[in-house]
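Read through the structure below, which is laid out as structure tokens, and then see the notes.
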There are 2 protein chains.
Amino acid sequence: MRTMRRPGSYVCGIDAAMDVIGGKWKVLILWALHERPHRFGALRRELPGVTEKVLTAQLRELELDGIVNREVHDEVPPRVEYSLTPLGVSLNEALASLGAWGRENILGHVPHH
Amino acid sequence: MRTMRRPGSYVCGIDAAMDVIGGKWKVLILWALHERPHRFGALRRELPGVTEKVLTAQLRELELDGIVNREVHDEVPPRVEYSLTPLGVSLNEALASLGAWGRENILGHVPHH
DNA sequence: CAGAATCCGAAATGATACTG
DNA sequence: CAGTATCATTTCGGATTCTG
């Protein structure tokens with residue numbers, strides 16, 4: 001979604017939060033990282049259809065928002081690991097009830113996953 | 001945000017829910033209607049910066065998703081009232097924890113909305 | 001491997017004017 | 001009042017190519 005915060009323009013906590021998770025792939029990134037840290041390529045394979053550029057951009061925004069942590073290991077070949085920060089973990093928890101709502105009301109009672 | 005559902009393409013409940021509330025003004029609309037039903041003009045005044053066209057479009061999408069109810073009163077001058085459906089009420093409740101997260105972590109401990 | 005750079009198209013949003 | 005119609009713009013996301 002849009003790149004930059006609009007500090008002070010938020011009307012309530014919900015639209016502030018929406019600004020953080022509004023990107024097309026962000027909740028899926030959160031969800032993947034929730035299970036375990038991922039390397040760039042692994043993350044990419046878990047998000048079918050995302051391009052490198054867009055994935056990079058979304059990760060950068062999440063990084064700026066303090067949601068994901070980017071750790072560069074100085075090796076060859078390069079290795080970069082993405083993981084959730086404590087803030088990211090708390091965001092994921094806050095998303096739980098919304099996820100339940102979506103499962104029950106949009107997906108139509110799919111078992112779970 | 002995007003207008004049409006992508007049935008079956010959802011990976012989890014969260015991105016299904018995101019598809020419903022992803023429009024730029026939707027959570028603000030939900031929030032306004034959560035307090036009381038609104039007429040079109042009243043809603044517009046509560047969302048500074050929204051244009052009639054965009055507000056109409058977002059309301060139509062929420063209507064199609066079963067979130068808001070549109071009630072036309074046959075009077076002159078015309079009166080149209082928007083309110084939350086039971087599904088909309090439940091969505092708002094599901095958004096509560098996300099809103100709390102945003103208030104605490106993005107807005108920076110603002111007393112409340 | 002993990003990206004940066006560039007070009008591009010589609011979609012979402014917006015401004016303005018008009019209408020039943 | 002509550003929209004619709006048109007036109008313009010912005011923003012986002014994607015394809016492709018190149019690099020340390």
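Letters A, B, ... are given to chains in the order of the sequence lines, protein chains preceding strands, and every chain is numbered from 1.
Look at A:Arg70 and A:Glu81 and you find no salt bridge, because none of the NZ, NE, NH1 or NH2 atoms lies under 4.0 Å from a carboxylate O.
Here the C1' atom of nucleotide C:dT19 and the CD atom of B:Glu52 are 12 Å apart, to the nearest Å. The separation between A:Asp74 atom CG and C:dC1 atom P is 18 Å, rounded to whole Å. To the nearest angstrom, P of D:dG13 lies 11 Å from CE of B:Met18. Atoms OH (A:Tyr82) and P (C:dC1) sit 15 Å apart, rounded to a whole Å. Note: CG (B:Leu47) to C1' (C:dG14) measures 15 Å, nearest angstrom. Atom-to-atom, CG of A:Leu55 to P of D:dA15 comes out at 14 Å; the value is rounded to the nearest Å. Rounded to whole angstrom, the span from the NZ atom of B:Lys24 across to the C1' atom of C:dA11 amounts to 14 Å. One can place CD of A:Glu71 at 13 Å from P of C:dA2, the figure rounded to the nearest angstrom.
For A:Val54, counting side-chain heavy atoms from C-beta on, the closest listed nucleotide (D:dG13, C:dG14, D:dG3) is D:dG13. Comparing D:dG3, C:dT13, C:dG3 by their nearest atom to the side chain of B:Lys53 picks out C:dT13. Considering only side-chain atoms of B:Thr56, the nucleotide from C:dC1, D:dT4, D:dA2 that sits closest is D:dT4. For B:Arg39, the listed nucleotide lying nearest its side chain is D:dC1; candidates were D:dT4, C:dG14, D:dC1. Closest to the side chain of A:Thr51, out of D:dG13, C:dC1, D:dA15, is D:dA15.
Here A:Asp15 contributes atom CG and B:Lys24 contributes atom NZ; the two are 11.0 Å apart, rounded to the nearest 0.5 Å.
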For B:Asn69 and B:Tyr82, what are the C-alpha separation, side-chain angles and deciding distance, and is it a side-chain hydrogen bond (donor to acceptor under 3.5 Å, both in side chains)? CA-CA 6 Å; B:Asn69 183 43; B:Tyr82 292 93; over 6 Å; no
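Residue B:Arg60 has a polar side-chain atom (N or O) positioned under 4.0 Å from OP1 or OP2 of D:dT4. Taking side-chain N and O atoms only, B:Arg45 has no distance below 4.0 Å to OP1 or OP2 of D:dC1.
Listed here is the closest heavy atom pair of B:Trp31 and B:Asn92: N-ND2, 4.4 Å. Contact detail for B:His38 and B:Arg36: the closest heavy-atom pair is ND1-O, 2.7 Å.
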